[in-house]
Each structure stands twice: as C-alpha cells, then as structure tokens.
Number of protein chains: 2
Amino acid sequence: MADQSQPPLTRIQQKNRDLILEGALSVFSVNGFRGATIDQIADAAGLSKPNVLYYFASKDDIHKTLLTTLLDMWLAPMIRIDPDGDPLEEVMTYVRAKLEMSRRFPRESRLFAYEILQGAPHLTEILGGGLRQIVDRAATILQGWMDDGRLAPVEPRHLIFSIWALTQHYADFEVQVRAVLGPGHDPFVEAGPFLDNLYRKILGL
Amino acid sequence: MADQSQPPLTRIQQKNRDLILEGALSVFSVNGFRGATIDQIADAAGLSKPNVLYYFASKDDIHKTLLTTLLDMWLAPMIRIDPDGDPLEEVMTYVRAKLEMSRRFPRESRLFAYEILQGAPHLTEILGGGLRQIVDRAATILQGWMDDGRLAPVEPRHLIFSIWALTQHYADFEVQVRAVLGPGHDPFVEAGPFLDNLYRKILGL
DNA sequence: CGTGATCCTGACCATTTGGTCAATAAAGGA
DNA sequence: TCCTTTATTGACCAAATGGTCAGGATCACG
C-alpha cells in the first residue's frame, strides 16, 4: 500500500461524502450491490447523480469505501476481548456487544451479509488477512482459558462463528424473526437473556 | 387459491423447466435476484433466452417458482419433529438434518438468505402464514417437553432461531468461515460435534 | 471585489437487460 | 405421410442504468 497522503477534505466535501455514504448504506443494505442504483443513492443522500459521482469515482468506489470504513467498527468488540479479564465475563460482554450492534446497526450487518453471500469480492484479502488475525488472537485467548480450566472446552473458532451467527441473525433475518414471533415481541430484547443463558451453559464449568 | 388444474407437462416441458430452475438456482444463489440476468440463467440451463421465457413468463416467475418449490424441502425437517419421540434426540436429529442440508444444499440456503435479507418480497404471506404455523407447532412440542421437565427450559422460538442461524451460517457465510479457518478444515465436519455438544449442554438436564 | 478553485447540474451517451414477435424447426398423432 | 401442436430462435425494442462532460453557480481567499 503506497502512502498517498490525501489533501484534507473541505467542509463541503466532508459533509457530502458523509451524506452519500449514509444514503448508500441504506440503499445497499436493502437491495445489495447490484440491486442498488446510483440514482437511489443520490436520492437518499439528497444530491444529484452527477454530484454523487463528483465525490466518488464509481458505484463500486462507494461500496468499497463503505465496507472498509465500517469493517473496523464491526470488528471492534472482538478486539476489546481482554486476556486478563474474567473469561466468562469477557465472552458475555462480547456477545452482548455484538447483539447490541445488530440492534443498533442492522444496515451494517446486512451490508456485510450481502458481501459475504456474494463471495466477498471486495473483502477477500481482508478475510484471509486482517480478519483472520483478529480471530486467531481471540481464539488463542479463549483456548488459553479453556486449557487453564477457566472455561468449558469447545472449539474456539466455532464458538466465535456461533456468536456471529446468533447475533447477526436477528439483524439479517429480522423480517423472518418478526413474522414468526408475531406482533408484540421485541426480538432483540428477548434474544438478550436467551443468549446469556445459552453461553453460560456452554462455557460454564 | 383458485384450483386452476394445469394440463400435464410434456416430457420436453418437464426437462426444460427443470433445466431452467436448476440453472436459475445456481445464478440466483450467487448474485441474488437483481444481480442475476436471464442471459446467465439461459446459459446455465443451456437454452436460449427466448426459450427460457417460453417456459416462464418472466424472471420474477422463475424466482417465485424456485422459492415456493424449495420451501417445502427446506422446512421438511422441522415438520418431522415427533412429539412422541425422545425430546433431546428429536432436537438433535433436527439440528443434524439442518446442518446436513446446509452442507448438501448451500445454494438453496443462500437463495433464501437473499430473499429474507431483501425483506422477503415474495414470501411475506408464507412467512406470516405457513411458516409461522409450522414453527408454532414445533414450539408447542418443545414447550410441552420443557413443561414436563424432559428438556431444560429455554424460549422455544429463539431456540429454533438459534438452530437456523447456526446451521445456515455455514452455508451462507461459507467464504468467511473458510477464510478464518484456513485450508485443511472442513467446516461442516467440524460443526457437527460442536453443535452436538452445544445443544446437549443447553437442553440437557 | 476579483479571481481561481471548488461545487453542481442538465443533457447526453453506450451498454445492459427484461421482454416481444414473427418465422422456422421439431414432435406427435391419425 | 400430412397436419396440427409444440418448441426454438434471431432480430428487435424500450427502459433502466453507469458514467461523461461542458458550462454555470458558488465559495474562499488575497
């Protein structure tokens, strides 16, 4: 990666780029990359189509920018796992943080879901690189706790997959979840104690 | 639903419709509905585009046919849950069947994932109707077993969500799972014992 | 205020894509 | 074999869509 120090953004640039990314997130997360049009994004951002393309080189550019920008936020909770903390409490904190992210940022969850479903054309290097390292670190910590008898032994990577699957399911498949539960239910609220109980039983000694 | 008894299909009709649906499944499951083109489907089916449209009225028609055709297969394992069986064994059988379906039919899993992500435009009535009834039945059975003290008590619908999420994750997010695990792993094989252990701990007494 | 840089847009273009149709080819039954 | 029905396709169309561009509006700064 060459260090191509960009000139600082003007106020207008900052504002409009933000508007575009915000609008694009809404559009991409509903329709996926191919289902989204620049016109929709422009509408959502309150700008004209040529103006959108004044700030981003292409639809692809917007998408890639969104993904890489949001990836850090998305992975942050896993990085915060503290090897010196209380094992069960650390895991539960991670699970709760991940569920809270699904609740507060369902669009982001769906954006990534679309990308992975598609075969992650924009994230291949990151998947095998940065993400893998982050997961490796977490898996090592978990394994250490299990080896020390402070956590019930399970395959750490699949444990992580399970946390991803269970928490993101409530964002990605929200329509289905709501349809099955019917009105008068808050899936995210109910999921809290359910997941709490689940991971206590799996990891408790 | 009006009973519009269709004339029986000729051999050619049967064969070509199957070819188209098979090709369409491959295309839709990779690119989603909007990302797929009739040309791609025609190619995958080995037919010309007008010929594809001779057998199906529109791209939408193909998609809808696929979804409704496959939905039964997809839900079949849940229907097979036997209220007179051994509780834990019934659940484990369901989990294993669902994981096996993710392994053998990842395209179908992704097809549904795309549909739900999109807000299930073609499945809204089914989600709130047929699916909900099937889940209600299963949930009632599970609840009965829990009330009888034959299964540890958990919210039955969220238990079902968890099974869907955990098993389908290996199909829908296969790229990510493989990237994290690295080469030399078979996610589905490893998931088997992991899920076995998980549900035993959650539901065992 | 003036002027250069930045910002914005209507009009336009080329390609893609869902879908049609008239005409031809292949089945199939009497 | 002949004739009706079914199957197939090349050519075509209209709409949608990603992207361009020349020129005008606005901003920032000396």
Side-chain angles (χ1 to χ4, degrees), chain A residues 4-67 111 114-115 118 121-122, chain B residues 4-67 111 114-115 118 121-122:
Chain A
Q4 38 191 30
S5 56
Q6 308 285 0
L9 299 177
T10 68
R11 244 172 289 163
I12 296 179
Q13 283 169 342
Q14 187 62 57
K15 187 193 68 179
N16 283 352
R17 283 182 65 97
D18 286 352
L19 281 175
I20 293 168
L21 290 176
E22 163 65 26
L25 175 58
S26 285
V27 175
F28 283 137
S29 67
V30 170
N31 300 111
F33 179 75
R34 289 230 26 193
T37 72
I38 302 184
D39 267 312
Q40 291 174 331
I41 295 173
D43 268 6
L47 301 173
S48 70
K49 181 167 80 158
N51 206 11
V52 167
L53 289 166
Y54 173 75
Y55 289 102
F56 290 90
S58 64
K59 181 178 158 185
D60 219 88
D61 185 22
I62 303 176
H63 191 241
K64 197 178 242 173
T65 303
L66 255 188
L67 280 176
L111 182 79
Y114 269 116
E115 178 66 9
Q118 215 128 36
H122 290 118
Chain B
Q4 38 190 32
S5 56
Q6 308 286 0
L9 300 177
T10 69
R11 245 171 288 162
I12 296 178
Q13 283 170 341
Q14 186 62 58
K15 188 193 66 176
N16 282 352
R17 283 181 65 97
D18 286 353
L19 280 175
I20 292 167
L21 290 176
E22 163 65 24
L25 175 58
S26 285
V27 175
F28 283 138
S29 67
V30 170
N31 301 111
F33 179 75
R34 288 228 29 192
T37 72
I38 303 183
D39 268 311
Q40 291 174 332
I41 296 172
D43 268 6
L47 300 173
S48 70
K49 182 167 80 160
N51 207 11
V52 167
L53 289 166
Y54 173 73
Y55 289 102
F56 289 90
S58 63
K59 180 179 159 185
D60 220 87
D61 186 23
I62 303 176
H63 190 240
K64 197 179 242 171
T65 303
L66 255 189
L67 279 176
L111 182 79
Y114 270 115
E115 179 65 9
Q118 214 127 36
H122 290 119

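Chain letters run A, B, ... following the sequence lines, proteins first, then strands; residues in each count from 1. Computed from a predicted model, the values in this text were never measured in an experiment.
- Within residues 50-60 of chain B, the residues having any heavy atom closer than 4.0 Å to DNA chain C are, in order of number, B:P50, B:L53, B:S58, B:K59.
- Pairing each heavy atom of B:A44 with each of B:V27, the nearest pair is CB-CG2, 4.1 Å.
- The footprint of chain B on DNA chain C, defined by a heavy-atom cutoff below 4.0 Å, extends from C:dT17 to C:dC21.
- Atom-to-atom distance recorded for A:T10:OG1 and A:K15:NZ is 9.5 Å, nearest 0.5 angstrom.
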How far apart are the C-alpha atoms of A:L25 and A:L21, what are their side-chain angles, what is the distance that settles it, and do they pass the side-chain contact (heavy atoms from CB on, under 4.5 Å) test? CA-CA 6 Å; A:L25 175 58; A:L21 290 176; over 6 Å; no

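- Within residues 33-49 of chain A, the residues approached by DNA chain C to less than 4.0 Å at the level of any non-hydrogen atom are A:R34, A:S48, in residue-number order.
- With rounding to the nearest 0.5 Å, the separation of CD1 in A:I12 from CG in A:L19 is 11.5 Å.
- One finds the CZ atom of A:F56 at 7.5 Å from the CG atom of A:L66 (value rounded to the nearest 0.5 Å).
- Evaluation of the side-chain contact (heavy atoms from CB on, under 4.5 Å) rule for A:P121 yields A:E115, A:Q118 as partners, not counting sequence neighbours.
- Considering CG of B:L111 and NE2 of B:H63, their distance stands at 5.0 Å, rounded to 0.5 Å.
- Nearest heavy atoms, A:F28 versus A:I62: CE1-CG2, 4.1 Å.
- Residues of residues 15-22 of chain A that place a heavy atom closer than 4.0 Å to DNA chain D do not occur.
- Read 5' to 3', the first and last nucleotides of DNA chain D with an atom closer than 4.0 Å to a heavy atom of chain A are D:dT17 to D:dC21.
- Sorted by first and then second residue, the side chain to side chain donor-acceptor pair (under 3.5 Å) pairs involving residues 50-60 of chain A (not counting sequence neighbours) are A:N16-A:Y55, A:D60-A:H122.
- Contacts of A:D18 classified as side-chain hydrogen bond (donor to acceptor under 3.5 Å, both in side chains), with partners at least two apart in sequence or in another chain: A:Q14.
- Qualifying side-chain hydrogen bond (donor to acceptor under 3.5 Å, both in side chains) partners for A:S26, counting only residues two or more places apart in sequence or in other chains: A:R107.
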Please output the side-chain donor-acceptor pairs of residues 33-42 of chain B that fall under 3.5 Å, not counting sequence neighbours, one pair per line with the distance.
from: B:R34; atom 1: NH1; to: A:G35; atom 2: O; distance (Å): 3.2
from: B:T37; atom 1: OG1; to: B:Q40; atom 2: N; distance (Å): 3.0
from: B:Q40; atom 1: OE1; to: B:T37; atom 2: N; distance (Å): 3.1

